[in-house]
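Before any comments, here is the structure.
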Amino acid sequence: MKIEMLAIGRNEEILQTLVRLINKNEQWNGVGAGSDEAAMRLFDEVRPSIILLSNGIDAVSEEKLRRYFAGRHPAVSIIQHYGGGSGLLTNEILMTLDANNRALEEG
């Protein structure tokens, strides 16, 4: 079973790159959203376990999205990703998955 991820950002080109990098891993499935409304709709459809917040999301939108996601799936992991290349993105995701697995094992 693939790990579902939702990338959210305002720059369409960067967003497409993030989704492409996520989907390079055969165990991951990523979708992207450029607006709050699209992000909320995709969240409800896909039920991702990881959300990547990319560039251009203002504080008001970020808070609204965090409340929405936490209200529907409190265990969802949210990663702030501001760039740095595919190695950094992969590392951020792997660290989050590792932390999630340890939390499940502990109880």
Side-chain angles (χ1 to χ4, degrees):
M1 187 162 106
K2 290 189 176 195
I3 297 167
E4 299 292 336
M5 298 182 204
L6 170 60
I8 306 166
R10 302 302 190 238
N11 181 301
E12 186 63 31
E13 187 175 322
I14 292 172
L15 186 59
Q16 288 178 9
T17 299
L18 281 174
V19 171
R20 188 178 84 263
L21 291 171
I22 291 167
N23 288 325
K24 283 177 89 173
N25 185 312
E26 293 179 4
Q27 297 175 346
W28 301 345
N29 182 56
V31 294
S35 69
D36 295 352
E37 294 74 24
M40 291 185 283
R41 182 179 44 77
L42 283 170
F43 180 83
D44 290 336
E45 289 175 12
V46 175
R47 302 292 296 171
S49 55
I50 294 179
I51 296 172
L52 293 162
L53 297 178
S54 186
N55 66 323
I57 301 172
D58 63 45
V60 172
S61 286
E62 181 177 339
E63 182 60 30
K64 176 174 81 171
L65 291 169
R66 284 181 180 273
R67 276 196 314 271
Y68 185 86
F69 301 147
R72 283 162 178 70
H73 182 36
V76 69
S77 296
I78 300 175
I79 301 171
Q80 294 281 164
H81 179 75
Y82 297 110
S86 61
L88 178 61
L89 174 65
T90 299
N91 191 45
E92 290 170 339
I93 293 169
L94 291 175
M95 285 176 37
T96 300
L97 291 172
D98 185 51
N100 290 351
N101 288 336
R102 278 183 295 177
L104 285 174
E105 291 171 1
E106 293 172 1

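As the structure is a prediction and not an experimental result, all values here were calculated from the model.
Judged as a side chain to side chain donor-acceptor pair (under 3.5 Å), and not counting sequence neighbours, the contacts of Asn29 are Glu4. Glu37 is linked by a side-chain contact (heavy atoms from CB on, under 4.5 Å) to Ser35, Lys64, counting only residues two or more places apart in sequence or in another chain. Taking Arg41 as the reference, Glu45 meet the salt bridge (Lys or Arg N to Asp or Glu O under 4.0 Å) condition, with sequence neighbours excluded. Legend: residues meeting salt bridge (Lys or Arg N to Asp or Glu O under 4.0 Å) with Asp58, ordered by chain and number and at least two apart, are absent. Applying the salt bridge (Lys or Arg N to Asp or Glu O under 4.0 Å) test to Arg66 and every residue at least two apart in sequence or in another chain returns Glu62.
The side-chain hydrogen bond (donor to acceptor under 3.5 Å, both in side chains) analysis of residues 70-79, with sequence neighbours excluded, yields the pairs Tyr68-Arg72, Ser77-Asn100.
In this structure, Gly30 and Asn23 approach most closely via the heavy-atom pair N-OD1, 2.6 Å. Across all non-hydrogen atoms, the minimal contact from Ala7 to Val19 is CB-CG2, 4.4 Å. Between Asn11 and Ile14, the shortest heavy-atom contact is OD1-N, 2.9 Å. Taking each heavy atom of Ala39 and Phe69 in turn, the nearest pair found is O-CE2, 4.2 Å. Nearest heavy atoms, Ser61 versus Asp36: OG-OD2, 2.8 Å. Heavy atoms only, all atoms of each residue included: Ala33 and Leu42 are closest at CB-CD1, 4.0 Å.
Distance CG/Leu18 to CG/Leu53: 11.0 Å, rounded to 0.5 Å. Atom CD1 in Ile50 sits 7.5 Å away from atom CH2 in Trp28 (nearest 0.5 Å). One distance of note links CG of Leu6 with CG of Asp44; it measures 10.5 Å at 0.5 Å rounding. Annotation: the span from Met5 atom CE to Ile79 atom CD1 amounts to 7.5 Å, rounded to 0.5 Å. To the nearest 0.5 Å, atoms CD1 (Ile3) and CG (Asn25) are separated by 7.5 Å. Rounding to the nearest 0.5 Å gives a distance of 8.0 Å between CD1 of Ile78 and CG of Leu65.
Ile57 has its side chain within reach of Arg10: a pair of non-hydrogen atoms, C-beta onward, lies under 4.5 Å apart. Side-chain contact check for Thr17 versus Arg20: some heavy-atom pair is nearer than 4.5 Å.
Linking Ile, Leu, Val, Met, Phe, Trp and Tyr whenever their side-chain heavy atoms come within less than 4.5 Å puts Leu21 and Leu97 in one cluster. By the criterion of side-chain heavy atoms lying less than 4.5 angstrom apart, applied directly or through intervening Ile, Leu, Val, Met, Phe, Trp or Tyr residues, Leu52 is grouped together with Leu94 in one hydrophobic cluster.
In the displayed structure, Lys24 atom NZ is contacted under 6.0 Å by at most 12 heavy atoms of other residues, nucleotides or ligands.
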